[in-house]
Amino acid sequence: MAEAIHVAWTENEACAELKRIFAKFMLAVTRGVGALACDSAIPTQKMKQVRALQFGGAVGSAVRVNQKRKCDASLSAEQPRVAEVAHADRREIRSTRLDFSLMLAQLRDVLAAKYSTVMAQKNDDRWLGLPQRAEAHRTLVGIGENNCGQLGAKAFCCHPFGALSPIKFNARLGQVQRATAMDPAHVDGCCMICLHAKSKGDDMAAAELKQSFHMTPNEFRRRGKEMVDWIADYYERVESFPVLSQVKPGQLRSALPAQAPERGESFDAIMVDVERLILPGITHWQSPNFFAYFPSNNSFPSILGEMLSAGLGVQGMLWATSPACTELETHVFDWLVDMLALPAEFASGGPGGGVIQDTASSSSLCALIAARERATNLATNERGCDGRLIAYTSTQAHSSLEKAAKIAGLGSANLRAIAVDENFAMRPDALAVQIARDRAEGKIPFFVCATIGTTSSNAIDPVRDIASIAREQGLWLHVDAAMSGTAALCPEFRWTHDGVELADSYCFNAHKWMFTNFDCDCFYVRDRGALIRALSVLPEYLRNRATESGAVIDYRDWQVPLGRRFRALKLWFVIRHYGVEGLRHHVRRHVELAQQFAQWVRADTSFELAAPAPLNLVCFRHRAGDETNQRIMDRLNASGDLYLTHTRLNDRLTLRMSIGQSQTELRHVERAWQRIRAEAAAIV
Ligand code: PLP
């Protein structure tokens, strides 16, 4: 179907070059689409001469399509026919839509090759500042997406105002502003661009040319503020997007250029593509209607901390490479020991300590490696695994344990999946039996991982009982509290952590439920020596006085990678902003909402709870069976209203309502339940 594109020019010699560029641009944009034009949406009445340019496929030339105005036209033999088709096709044209943002971005790029540009969109702050810019620039262009009255089509208009004095410009700008203000339905988008021919180069243009290719501090200042505005706006409009991205596989890639740009592009163009290309491909984890998986929640203090971390650009592999990066991390981790009532041995003052890992998966891997080396007295590090080491976890443990067993060279067959009870928690008796069986076969049991809040159902393993077996058998006990560790902020939920004081290592994800953006996993060990011995390598180029003094922590030895970001900043910001009180408030609220939801499920005879809901995850299902539950979930997710995921419990498809988004309120949970029931009613 043809797209209608309207191009109108004032005849102004100063704009001849711009006109040529714009024509080229329009051809590029419309190539292969087939474009029609009319000139009925020209806001400036005083134009002496107006041309409507028509581009059809690869053909482009002037054509008269408006009978009221005497337009300059040079028609080839076949163009009248095209013009007629344009009129005959009014209905189709009416239903077409132009991507104004795309065109603007592309036009910007074309213009940027030749001119330094300043662009202001209707209603943005720079709009009113443009007259001052225009003084320093030569040419001003107004671009708008108008409704073209005659054909009822959208038209894309470009008005080069020529070299204007600020006074004249103000008058013109006022005109356009009035036009847009008076009849907003008539102008959907409007934009002004100041242009300055790069070749002419005055001071301002020269400054903006930035031959170093770097963004200047001033531009960064401006863009940074815009980005913060963009992010704040995003949070304000996040509920307007479908929660689960609705794009098709390959959709983004097919819209991206095959090659990287040879010439740098304008930031405006990049941001337009963020809106146009990236946003549709976003599944909105920060939507209050996101109830899938486990949350990866966030907060503005965290985002600011992340921004500062990026700004400082610190690489904190060694204490010496940025003492603050290491010491803030150690300090905040000591705070967290108190905040979550974790064992005192985890604090830095004792034999243990804590470190930020990227993910809980990395924590499990590091714990497994430290345990492996403790069990083999560092022999495995030297000679590799001999196949006798056996690790244990429950059938419900996170898949990262299996991955860790593979990476650590154990072999996944040497990770035993211990049976669970009716609440999906690990059975200590089954663990004891399996350990005995393995010992009898000459194996070396060395590691067990208990979970506080399993991924499937939020089951709480009996850590104390598991710990007592681990102690008796000399196994390293790692506790994976990736999701539910944050609950220990609240004294009333600390029962979930009973026995953690006996663990050798422990982790929870601040990036799940503690309002700290991904990634930020908090990993603690009882004996830091065991971890460091397992992971330490010291090449000559990393040697330094501080390390050799023994007085500092070098976190490079506590993790798999060497390099590390300054992630403690965002955690510090979050904790200081909310205070323990604020964090507890939100955790309690989420648990309350989940318990309310569980109550609604219990009260509805069509649904049932599929597992206990100790905290903020509710596993439930429709009684009509797997197919019905699958269809309910698919329909909800396709609607974009909310996002739910599933698991299998007792081999039955089970829906998971996971409540932990920073902005989720009762109204979101109420609506989710209404939507779930409505979809169920529609298909059963
Ligand atoms: N452990 C548990 C209990 C989890 O629920 C998850 C993720 O949901 C993980 C580990 C893995 O988390 P990460 O992505 O931080 O590795």
Side-chain angles (χ1 to χ4, degrees), residues 283 285 290-298 302 354-369 391-408 415 417-418 420 423-426 447-463 466 477-488 496-497 500 503 505-524 559-561 564-565 567 570-571 590 594 611 613-619 643-649 654 656-661:
T283 288
W285 283 72
F290 183 98
F291 302 109
Y293 307 104
F294 277 145
S296 189
N297 70 18
N298 202 353
S302 177
V355 60
I356 298 182
Q357 302 279 347
D358 53 4
T359 58
S361 304
S362 292
S363 285
S364 294
L365 176 62
C366 290
L368 197 71
I369 292 172
Y392 304 83
T393 193
S394 88
T395 56
Q396 300 294 305
H398 190 261
S399 57
S400 52
L401 268 298
E402 186 186 338
K403 199 185 254 187
K406 291 180 184 175
I407 298 169
L415 176 69
I418 303 299
V420 293
N423 292 331
F424 306 101
M426 192 197 289
F447 175 90
V448 58
C449 174
T451 310
I452 295 178
T454 59
T455 316
S456 260
S457 70
N458 219 187
I460 314 287
D461 285 346
V463 176
I466 294 168
L477 170 61
H478 175 61
V479 175
D480 175 3
M483 173 62 206
S484 301
T486 302
T496 57
H497 280 53
V500 164
S505 56
Y506 168 93
C507 79
F508 81 98
N509 285 351
H511 68 231
K512 274 186 163 53
W513 200 11
M514 210 187 262
F515 313 96
T516 307
N517 68 285
F518 192 89
D519 53 351
C520 189
D521 168 85
C522 303
F523 178 51
Y524 286 95
Q559 59 175 23
V560 174
R564 55 202 328 274
R565 304 191 297 117
R567 282 175 296 215
K570 60 186 175 189
L571 196 50
H590 289 148
L615 295 165
N616 59 337
L617 175 73
V618 183
C619 291
Y643 184 24
L644 279 184
T645 51
H646 75 285
T647 187
R648 286 196 90 77
L649 293 175
T654 302
R656 296 168 75 264
M657 180 78 178
S658 165
I659 300 176
Q661 258 323 310

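Sequential numbering from 1 along the given sequence is applied to the chain's residues. In listed order, ligands and their atoms are each counted from 1.
Numbered from 1 in the order shown, with element, the atoms of ligand 1 that lie under 4.0 Å from a heavy atom of Phe294 read 5 (O), 8 (O). Per-residue contacts place His511 under 4.0 angstrom from the following atoms of ligand 1 (heavy atoms of the residue considered): 15 (O). Close contacts between ligand 1 and Gly453 involve ligand atoms 3 (C) [criterion: under 4.0 Å to a heavy atom].
When heavy-atom distances to ligand 1 are checked against a 4.0 Å cut-off, Asn509 comes that close only through its side chain, counted from C-beta outward. Heavy atoms from both the backbone and the side chain of Thr359 come within less than 4.0 Å of ligand 1.
Scanning all protein heavy atoms for the shortest distance to atom 6 (C) of ligand 1 gives His398 CD2, 3.3 Å. Atom 16 (O) of ligand 1 has its closest protein heavy atom at Ser361 OG, 2.5 Å.
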Verdict with supporting geometry, Asp519 and Thr359, side-chain hydrogen bond (donor to acceptor under 3.5 Å, both in side chains): CA-CA 7 Å; Asp519 53 351; Thr359 58; over 6 Å; no
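Scanning both residues, Arg564 and Val355, for their nearest heavy atoms gives NH2-CG2, 3.4 Å.
A donor-acceptor contact shorter than 3.5 Å is absent between the side chain of Lys512 and the backbone of Asn297. No donor-acceptor distance shorter than 3.5 angstrom exists from the side chain of Thr393 to the backbone of Ala397, with no hydrogens or angles considered. No donor-acceptor pair closer than 3.5 Å links the side chain of Ser364 to the backbone N or O of Ser400.
Evaluated by nearest non-hydrogen atom to atom 7 (C) of ligand 1, the leading choice among Gln396, Lys403, Lys512, Met483 is Lys512.
Partners of Lys403 by salt bridge (charged side-chain N to carboxylate O under 4.0 Å, His left out), not counting sequence neighbours: none found.
Screening Asn458, Thr496, Thr451 for a side-chain hydrogen bond (donor to acceptor under 3.5 Å, both in side chains) involving Ser484 leaves a single residue, Asn458.
Between Thr455 and ligand 1, an N or O atom pair is found at a separation short of 3.5 Å.
Residue contacts with ligand 1 include Asp480, since one of its heavy atoms falls under 4.0 Å from the ligand.
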